[in-house]
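Quick note: residue numbers are just sequence positions, from 1. Computed from a predicted structure; not experimentally measured.
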Amino acid sequence: MESKRAIIAIALSFVVLVGWSYLADHMGWNDQPAPQVQQEGTAPSASQAAPQSASQAAAPAPRAETPVFLPSAGREVTVVTPLYKAVLHSGGGVLKHFSLTRYRTAITAGAPAVDMVDTASTVMSPLGLLINGQPSWNTGQWSFDGGDLSLGAGQSGVLTFTGEVDGVRVVRELTFSADTYLISEKVRLAPLADARTVRLGFTVGTGNLSPNGGQYDHTRVAWLHDGSFSEKTSASDLEKGVLETGALSWGAVMSNYFLVAAAPVDTTGVTLKGKLQESVYRVAMERGDVSIPAGGETTVACNYWFGPKDRGLLKEAPNQLAEAINLGWFSIIARPLVDMLEFFHKYVGNYGVAIILLTVVIKLVFWPLSHKSYKSMEQMKKLQPMLQKLREKHGDDREKMNEEMMRLYKTYKVNPAGGCLPMLVQIPVFFGLYQALLNAIELRHASFITHLPFTDMVWLADLSAKDPYYITPIVMGATMLLQQKLTPAPGDPTQAKIMMFMPVVFTFMFLSFPSGLVVYWLCNNVLSIAQQWWMLRKA
């Protein structure tokens, strides 16, 4: 009885941990950002024409408004690399677009490239400098000497923007590299007269990075403080504003797959201000009290990331930007699982097949534990008639009944917890794999079986999206039900009913799971059924 209760507790814990976000979204308990309605090429609405500056992002009552990006005399400057196409404005170096060459918005033919800076977020002036809390792109006078950059593999190039803002000469040197999404900046500050102390803010901003992510992929504000990862996901919290101060390595807007971050080189005494406004997520990383001597010059540096959460490239990035790929409590398990998935993909060229192979390996590793679990269940099944008699005989005396049950277990050398303890060991592996598959950029738009067999109906063409016809989760639920039939039923009728109801609960949850996760769970169930059938035949 105790073992069955433990199994039920494990199953219900899984339901709570995995199903809560789905239920909360379905019931409307989670606040979601308002849909972004402004389209490419349309003018900003009146409410967008004067939003709050990024330096005031955390103000509790955002009444004061500052000018937004309004292009002054100047022109567009284009940077083209094998990875992206960036468009900046010469009036201060504000980003207008940042299109990722290798990532599309959808799997359909002709889908546009993912633009990390769409029209709505351009209005909020990403990559613009804040000087003493003021937008340098509107309050200063800027010049630009140079031309567009077209970089081939291994090449890098620099764009230099020069301006005068609030009595300070500002020179921005932005370095772009062809082989990474990292942009490095050096800001040289010199007073036009006496010595000065200024506050310098580096800004990034973007729209919704997960428009089709559902409840498993939220756009959020995240940061790394003293090596510790934190994030805010709730739209209501982000609309109020986020304020953090200290040794901040970076601040970012991110989804499961994409990252827009600012990472000051000097991380001491940095203030992060983040806000969701007009469907645009913004972050400012502010360096306070930057001293500029009279007749001298002070240099402040920052790095930016606009692109996918590419594990290989982020490992080489400064300021521990790789920590943006946060895999939760079980990251120590999740990271090697992603590496193993990549290993299999190199040989089979299909991530769906790679997931199946990974499932087989995990099943083989836990085969001895599963074997022990099933063997213990079979032993318990043989004891069920005797246990039922004990319940009938000592039903009114629970202490006596438990005493007799323990004597029975000892006599037949059966461990009542033997069936569930091996399952407990496997739970961290499942959650590690859950996080690995949910956050692997490799699975975004990766196909398994593109069309339903013998039809032209698109099916498992994107392992990061749900099964459009719910075939895999329904089959998965059927395999769970079959598994329950093969497993010895609990002696308690109430417990038996709860256990039989679990496949229904899991099927409901898995309907909107990314199909890559469903493929894993379905494959795991099939292998478990095969193992149970083999043990029954052997018995």
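- The structure places OG of Ser255 at 5.0 Å from CG of Asp217, a figure rounded to the nearest 0.5 Å.
- Residue Leu174 comes nearest to Leu88 through the heavy atom pair CD1-CD2, 3.9 Å, listed as atom of the first residue, atom of the second, then distance.
- Inter-residue side-chain proximity for Trp250 and Asn303 is flagged as unmet; no heavy-atom pair is nearer than 4.5 Å.
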Taking it one step at a time, do Lys186 and Glu173 satisfy salt bridge (charged side-chain N to carboxylate O under 4.0 Å, His left out)? CA-CA 5 Å; Lys186 287 184 179 180; Glu173 296 179 355; 5.8 Å; no
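- When the shell of 6.0 Å around CD of Gln141 is examined, it contains 12 or fewer heavy atoms from other residues, nucleotides or ligands.
- Residues Thr245 and His225 share a closest heavy-atom pair of O-CE1, 3.4 Å.
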For Leu100 and Tyr181, what are the C-alpha separation, side-chain angles and deciding distance, and is it a side chain to side chain contact (heavy atoms under 4.5 Å, CB included)? CA-CA 9 Å; Leu100 306 181; Tyr181 298 94; 3.8 Å; yes
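- With values rounded to the nearest 0.5 angstrom, Leu437 atom CG is found 11.0 Å from Ser464 atom OG.
- Counted by atom type alone, Asn208 and Thr219 present one or more donor-acceptor pairs between their side chains at under 3.5 Å.
- For the atom pair OG1 (Thr203) and CG (Leu127), the distance works out to 6.5 Å, reported to the nearest 0.5 Å.
- Contact between Pro308 and Tyr103 at its shortest, heavy atoms only, is CG-CE1, 3.5 Å.
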Stepwise side chain to side chain contact (heavy atoms under 4.5 Å, CB included) test for Arg335 and Arg311: CA-CA 10 Å; Arg335 294 184 191 279; Arg311 292 181 302 123; 5.9 Å; no
Tyr351 and Leu341: side chain to side chain contact (heavy atoms under 4.5 Å, CB included), yes or no, with the steps? CA-CA 8 Å; Tyr351 275 106; Leu341 188 68; 4.2 Å; yes
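- Rounding to the nearest 0.5 Å places CG of Leu238 at 6.5 Å from OH of Tyr281.
- Ion pairing between a basic and an acidic side chain is recognised when a charged N comes within 4.0 Å of a carboxylate O; Glu297 and Arg169 show no such pairing.
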From CA spacing to verdict: side chain to side chain contact (heavy atoms under 4.5 Å, CB included), Phe306, Tyr84: CA-CA 9 Å; Phe306 284 81; Tyr84 59 82; over 6 Å; no
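- Nearest heavy atom pair, residue Ala334 against residue Gly432, reads CB-O, 3.1 Å.
- The existence of a salt bridge linking Arg75 and Asp148 is confirmed by a sub-4.0 Å separation between a basic side-chain nitrogen and an acidic carboxylate oxygen.
- With a 4.5 Å cut-off on side-chain heavy atoms, Phe344 and Ile356 do not count as touching.
- Test Leu129, Val171, Thr299, Ile131 against Val187 for side-chain contact (heavy atoms from CB on, under 4.5 Å) and you get one pass: Leu129.
- The shortest non-hydrogen separation linking Leu95 to Val117 is O-CG1, 3.9 Å.
- Considering only heavy atoms from C-beta on, Asp166 comes within 4.5 Å of Arg196 through its side chain.
- Among Leu276, Asn256, Val242, the one residue that satisfies the side-chain contact (heavy atoms from CB on, under 4.5 Å) test with Arg220 is Asn256.
- Aromatic pair Phe161/Phe144: ring centres closer than 6.0 Å.
- Contact check for Val283 versus Trp223: no side-chain heavy atoms found under the 4.5 Å cut-off.
- Between Arg199 atom CZ and Gln134 atom CD the span is 8.5 Å, to the nearest 0.5 Å.
- Nearest heavy-atom pair, Gln435 versus Leu327, reported as atom, atom and distance to 0.1 Å: CG-O, 3.3 Å.
- At a cut-off of 3.5 Å, with distance as the only test, no side-chain donor of Glu442 or Tyr257 sits close to an acceptor on the other residue.
- Side-chain contact of Asp179 with Ser177: a donor-acceptor pair under 3.5 Å is absent, judged by distance alone.
- Of the N and O atoms on the side chains of Thr267 and Ser249, not one donor lies less than 3.5 Å from an acceptor on the other residue.
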